[in-house]
Engineer: 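Here you go, one structure.
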Amino acid sequence: PVEPPPTPSSSGSDPSDKSSTQPAPDLSGNSRVSRPIRGIQTTYGYVLPDPQTPNRLSVWFTGGTLECNDPEGDGEDWRAVFCGDGDEHAEAAPSPGSGATSGRGAPSLAGALPARRHLSERARVLAAKLLLGAAIPDRMEDDGTMSYRFSRPIGGHGTTYIDVIYLDDTLRVLRGHHGTVYVFARVAGGSAEEE
C-alpha cells in the first residue's frame, strides 16, 4: 500500500523537514547552556610507599579545584551552569557582563552556587559529606574556581596506586592502577627541589 504524503502540522511546517527552524539539540548535558564548556580539574593528594609491593606508591586524594578554562570566552556560560540563571542566590554577586573584574582583569565569576538541587544530586552530596567528609563549595571564587576537600581521603593501599616502572635523573615512567602510563621528563634548568 502507498502511504499518503505527510500533512502539514498546525504551524504550517512539515515535521519531517529538517530545514525548518528548530532549536539545536542540547549536546552539553546541561539545559542552561547550548554547547560544551571546557574546565580544568586539579586533584590534590599524597602518596606513600606501599608496604606490600616494591616500586609501588599508594595514592590518597584529599580534594581539588574546578575552574573555567577560558573565563573571558566561557565565563558567562560557566556561571550559568554552576550558579544558575535568575537564581536569587546568584544575584548577590556581579554578573560577568556587569564590568566587574577579578584580580586578573577577567570578568568576575563569583557567585553563590544554586541552593536548589534535584533529589538525586542532594543524595550524592549528602553521601559525599558523610562517607568522605567532603566540604562542597557554596560559592564560586572571583576567578570562577570552586574548591572541594575530603577530611577522609579517597584511595589507599591496594585500591589506588601508581607503579614506578622507570626512574632516573631526567625521566620518570609510572603506571596507574587502571593501566594508564604516565611519562614525566625533567624540564631543562629544573632541580630536584622544584619537583
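Quick caveat: nothing in here was measured; it's all calculated off a predicted structure.
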Engineer: Which value, rounded to the nearest 0.5 Å, describes the distance between Leu119 atom CG and Arg124 atom CZ?
Structural biologist: 10.0 Å

Engineer: Taking ILVMFWY side chains as joined if any heavy atoms are under 4.5 angstrom apart, and letting links pass through other members, which residues group with Leu130?
Structural biologist: Leu126

Engineer: Find the distance between CG (Leu174) and CD1 (Ile162) and round it off to the nearest 0.5 Å.
Structural biologist: 4.5 Å

Engineer: Among all residues two or more places apart in sequence or in another chain, which pass the side chain to side chain contact (heavy atoms under 4.5 Å, CB included) test with Thr43?
Structural biologist: Gln41, Phe61, Tyr148

Engineer: With sequence neighbours excluded, what pairs up with Phe184 under the ring-ring contact (aromatic ring centres under 6.0 Å, His included) test?
Structural biologist: none

Engineer: Side-chain heavy atoms under 4.5 angstrom apart, residues restricted to Ile, Leu, Val, Met, Phe, Trp, Tyr: same cluster for Val47 and Val164?
Structural biologist: yes

Engineer: Less than 4.0 Å between a side-chain N and a carboxylate O, is that true for Arg175 and Asp163?
Structural biologist: no

Engineer: Can any side-chain N or O of Thr159 pair as donor or acceptor with the backbone N or O of Gly156 at less than 3.5 Å?
Structural biologist: yes

Engineer: How far apart are the closest heavy atoms of Arg152 and Leu131, and which atoms are they?
Structural biologist: NE-O, 3.2 Å

Engineer: With ILVMFWY side chains joined below 4.5 Å, transitively, what does Tyr166's cluster contain besides itself?
Structural biologist: Ile165, Leu171, Val173, Val181, Val183

Engineer: Do the charged groups of Arg186 and Asp168 touch, with an N to O distance under 4.0 Å?
Structural biologist: no

Engineer: Could you tell me the separation between the CG atom of Asp70 and the CZ atom of Arg38, rounded to the nearest 0.5 Å?
Structural biologist: 10.5 Å

Engineer: Identify the heavy atoms of Met146 and Pro137 that sit nearest to each other, and give their distance.
Structural biologist: CB-CG, 3.9 Å

Engineer: Could you give the distance from CE (Met140) to CH2 (Trp78), rounded to the nearest 0.5 Å?
Structural biologist: 7.0 Å

Engineer: Please say yes or no: joined through hydrophobic side-chain contacts below 4.5 Å, possibly via intermediate residues, are Ile40 and Val81 part of one cluster?
Structural biologist: no

Engineer: When you compare the side chains of His157 and Ser58, does any donor N or O come within less than 3.5 Å of an acceptor on the partner?
Structural biologist: yes

Engineer: Check step by step if side-chain contact (heavy atoms from CB on, under 4.5 Å) holds for Tyr44 and Thr65.
Structural biologist: CA-CA 8 Å; Tyr44 301 111; Thr65 61; 3.9 Å; yes

Engineer: Test of understanding: with side chain to side chain contact (heavy atoms under 4.5 Å, CB included), list the residues that count as partners of Thr180, not counting sequence neighbours.
Structural biologist: Tyr182

Engineer: Are Ile154 and Leu48 in one and the same hydrophobic cluster, where Ile, Leu, Val, Met, Phe, Trp and Tyr link if side-chain heavy atoms are under 4.5 Å apart?
Structural biologist: no

Engineer: Nearest 0.5 Å, please: how far is NZ in Lys129 from OG in Ser151?
Structural biologist: 12.0 Å

Engineer: With a 4.5 Å heavy-atom cut-off, do Asp74 and Asn69 have their side chains touching?
Structural biologist: no

Engineer: Taking only residues two or more places apart in sequence, or in another chain, which ones meet Tyr46 in a ring-ring contact (aromatic ring centres under 6.0 Å, His included)?
Structural biologist: Trp60

Engineer: For residues Thr62 and Phe150, determine if any side-chain heavy atom of one lies less than 4.5 Å from a side-chain heavy atom of the other.
Structural biologist: no

